[in-house]
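Heavy atoms only: backbone and side chains are in, while hydrogens, waters and symmetry mates are out. Computed from a predicted structure; not experimentally measured.
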Amino acid sequence: MAYNIILQAMSTLPRTNVLKKCKFSMPEKLRGAKPYYGQLEPVSIMMIKSGTIPDMILSLCTKETTEKKAFALEENPDEVFNMTAYEFYQERIKAILPPSASTVFQTVDIDESNINAGIVGAAKQILEVKAKLERECANAADKKIKLWVNTQGGFRDISLVLNAIVNLMSVYEIEIADIYSMPFGVEKEGGTPIESKIQNYQIFDFVVGMKEFLNYGRADTLENYYTNRKNQNRRTSSQEENLMSTMKKVADAIQMCDPRGFNDCLIELRKRINSYKESGEQFFDIFVEKVKEDYGILLSENYNTIDVVKWFRKKEFYQQALTYIESYVPKELVAKGILSWKYNKAEVDRVKKVRKQLYVEDANYLLFSLCNARTKDSIKMKKAFEKNIENGKFTVQDSGESAIVQLKKPLIGMASSERKKLFDFIDNYYKLKALRNQFNHMSEKEKRITKTQLSNIIARFELLGNNLYNLYQ
């Protein structure tokens with residue numbers, strides 16, 4: 001059974017010496033108006049009467065709410081009380097609590113001039129309960145905390161305080177069960193209604209999820225937001241659901257460093273975005289426009305490796321950028337016709353088989369041989385590159401197996417200035433490939449380059465790539 005906590009902020013007692021008796025309306029299944037005197041009473045009464053007995057009622061108290069005051073109640077003005085606002089609330093709620101729940105009341109001091117201390121104090125108390133439950137409870141259901149927020153009382157900035165605490169608790173996966181308020185100045189014959197504001201609060205989840213997806217390539221918060229909507233039987237259009245499903249796939253491909261999956265998901269995302277029609281859900285419509293702006297050319301049909309790498313670098317997804325570069329550069333050079341050759345595939349496969357490299361794509365394998373990249377020396381690589389182009393061919397061989405690769409235009413007859421641009425790009429590609437391997441297999445003794453240095457190297461890759469690609473548009 002979940003551990004229920006009511007979080008609220010105490011209000012001071014009214015300035016009048018006689019407290020006015022008010023009425024609030026109970027939910028439909030508990031029909032009838034109930035009397036109350038203090039602002040915080042209705043939510044507590046409603047929860048207790050509906051069977052949700054709080055295990056803790058955590059009240060944020062300013063100095064003023066703990067100062068004694070003499071007052072009377074409208075129903076009996078001759079009986080004078082001398083107590084604090086908090087003591088009065090306790091007395092009223094204790095009267096309807098079962099005896100076993102008489103110790104549920106806890107307080108946190110809060111000063112309007114330093115609200116951070118109160119926020120931290122409240123968070124600590126809740127997290128101490130969470131830690132205790134996790135230590136002592138064997139059943140997972142008994143470890144669960146449900147936080148019920150009463151926004152009725154408190155000082156001017158209390159909404160900021162409660163929102164900060166609620167968001168902190170979300171970080172620790174504490175469920176926000178509901179958030180309640182009562183409309184100001186609304187007095188109906190059946191009493192002022194208690195309203196759930198959980199849907200309003202969940203807008204913050206959506207905004208956080210939107211930022212998380214755009215900034216960090218994750219869709220967990222957005223997914224949770226839509227799961228909660230579904231659990232609350234709130235309508236979600238099929239186009240929203242489909243688009244969210246695609247965004248989740250995009251996020252997963254980014255997190256898993258899956259270049260092919262990322263490309264496939266971009267195609268799907270482009271189709272979803274292009275067919276999207278304004279849904280009336282204004283926040284989601286804004287989000288879709290922001291996704292369009294953020295993904296830019298990646299939602300077109302003519303983006304290239306440079307565009308993707310630039311997008312990854314701006315997001316600081318460096319590992320993803322390195323993986324994408326390694327996977328797609330040779331293939332793209334062939335697809336663009338910059339690298340053009342003719343060879344017997346069966347012969348090349350036999351050489352690859354001897355080397356146990358059948359899994360390597362032909363473009364990657366042949367480029368490696370064209371430049372003799374095995375040397376890992378830019379000068380030696382350039383000499384091999386120039387020599388093979390001059391000869392118009394090169395050979396791949398191992399253990400008696402060999403294959404001749406005939407070069408074709410534009411490599412044959414390529415101007416020296418163009419060859420320089422091509423080699424510089426290829427050389428930078430192998431440097432980044434080596435960096436990726438270093439990152440994946442780095443020992444404790446190896447020194448990592450800084451994030452700034454890596455970003456600069458990738459930015460140079462983009463510059464060299466654009467210089468080369470501009471020649472072959």
Could you go step by step and tell me if Phe206 and Thr221 meet the side chain to side chain contact (heavy atoms under 4.5 Å, CB included) rule?
CA-CA 7 Å; Phe206 180 83; Thr221 303; over 6 Å; no
Examine distances only and state if a side-chain atom of Thr246 and a backbone atom of Asn242 form a donor-acceptor pair shorter than 3.5 Å.
yes
Side-chain donor or acceptor of Thr16 paired with backbone N/O of Leu19 under 3.5 Å
no
Between Lys68 and Glu87 (salt bridge meaning N to carboxylate O under 4.0 Å), is one present in this structure?
yes
State, yes or no, whether a side-chain contact exists between Ile165 and Leu60 at a heavy-atom distance under 4.5 Å.
yes
Okay, side chain of Lys315, backbone of Leu214: is any donor-acceptor separation there less than 3.5 Å?
yes
Quick one: do the Thr323 and Glu326 side chains pair a donor with an acceptor below 3.5 Å?
no
With the threshold set at 4.0 Å, does a side-chain nitrogen-carboxylate oxygen contact exist between Glu462 and Lys310?
no
Can you find a pair of side-chain heavy atoms, one from Met182 and one from Glu195, that are under 4.5 Å apart?
no
Go through the steps for Ile48 and Ile93 under the test side chain to side chain contact (heavy atoms under 4.5 Å, CB included), then give the verdict.
CA-CA 9 Å; Ile48 294 165; Ile93 302 305; 3.8 Å; yes
Test item: Thr65 side-chain N/O and Thr62 main-chain N/O as donor-acceptor pair under 3.5 Å
yes
Are side-chain N/O atoms of Tyr328 and Asn304 paired as donor and acceptor at under 3.5 Å?
no
Would you say that Val308 contacts Thr305 through its side chain, given a criterion of any heavy-atom pair below 4.5 Å between the two side chains?
no
Would you say the ring centers of Phe262 and Phe312 fall short of 6.0 Å from each other?
yes
Could you check whether Asp427 pairs with Lys431 (Lys NZ or Arg NE/NH1/NH2 to Asp/Glu carboxylate O, under 4.0 Å)?
yes
Charged N to carboxylate O under 4.0 angstrom, Glu134 versus Lys143?
no
Quick note, salt bridge (Lys or Arg N to Asp or Glu O under 4.0 Å) partners involving residues 205-217, not counting sequence neighbours, are none
Spell out, as yes or no, whether a donor-acceptor pair under 3.5 Å connects the side chain of Asn274 to the backbone of Lys271.
no
Specify the closest pair of heavy atoms between Pro183 and Pro193, including all atoms of both residues, with the distance to one decimal.
CD-O, 3.2 Å
Polar contact flag, side-chain donor to acceptor under 3.5 angstrom, Arg270-Ser300:
no
Flag side-chain contact, heavy atom, 4.5 Å: Ser44 against Gln8:
yes
How are the rings of Phe88 and Tyr37 set relative to one another: parallel (under 30°), tilted (30 to 60°) or perpendicular (over 60°)?
perpendicular
Are side-chain heavy atoms of Tyr172 and Ile126 found at a separation under 4.5 Å?
no
Contact between Lys290 and Phe213 at the side-chain level, heavy atoms closer than 4.5 Å - yes or no?
no
So, does Asp157 use its side chain to make a donor-acceptor pair with the main chain of Leu160 at under 3.5 Å?
no
Does Met46 offer a backbone N or O that forms a donor-acceptor pair with the side chain of Ser50 under 3.5 Å?
yes
Any side-chain heavy atom of Leu333 within less than 4.5 Å of one from Tyr429?
no
Considering only distance and modelled atom types, tabulate donor-acceptor pairs under 3.5 Å from the side chains of residues 72-81, sequence neighbours left out.
from	atom 1	to	atom 2	distance (Å)
Glu74	OE1	Lys21	N	2.9
Asn76	ND2	Glu79	OE1	3.3

Does any non-hydrogen side-chain atom of Met83 lie less than 4.5 Å from one of Lys69?
no
Less than 4.0 angstrom from a charged side-chain N to a carboxylate O is my criterion; do Lys292 and Glu289 meet it?
yes
From the options Leu435, Leu322, Thr452, select the one residue that forms a side-chain contact (heavy atoms from CB on, under 4.5 Å) with Ile457.
Leu435
Look only at the side chain of Ser245 and the backbone of Glu241, and say whether a donor-acceptor pair between them is shorter than 3.5 Å.
no
Measure up the Tyr180 and Trp148 rings against each other and bin them: parallel (under 30°), tilted (30 to 60°), perpendicular (over 60°).
parallel
Cation-pi, Tyr469 ring and Lys336 (6.0 angstrom, 45 degrees)
yes
Do Glu112 side-chain atoms and Phe155 backbone N/O form a donor-acceptor pair below 3.5 Å?
no
Does the side chain of Asn167 pick up a donor-acceptor pair with the side chain of Asn163 at under 3.5 Å?
yes
Short side-chain to backbone donor-acceptor contact, Tyr36 and Val43, under 3.5 Å
no
Any idea how Phe204 and Tyr201 line up, ring-wise: parallel (<30°), tilted (30 to 60°), or perpendicular (>60°)?
tilted
I'd like to know whether the aromatic ring centres of Tyr216 and Phe317 sit less than 6.0 Å apart in this structure.
no
Under the side chain to side chain contact (heavy atoms under 4.5 Å, CB included) rule, what do Arg313 and Phe461 come out as? Steps first, then yes or no, please.
CA-CA 11 Å; Arg313 179 178 60 82; Phe461 167 85; over 6 Å; no
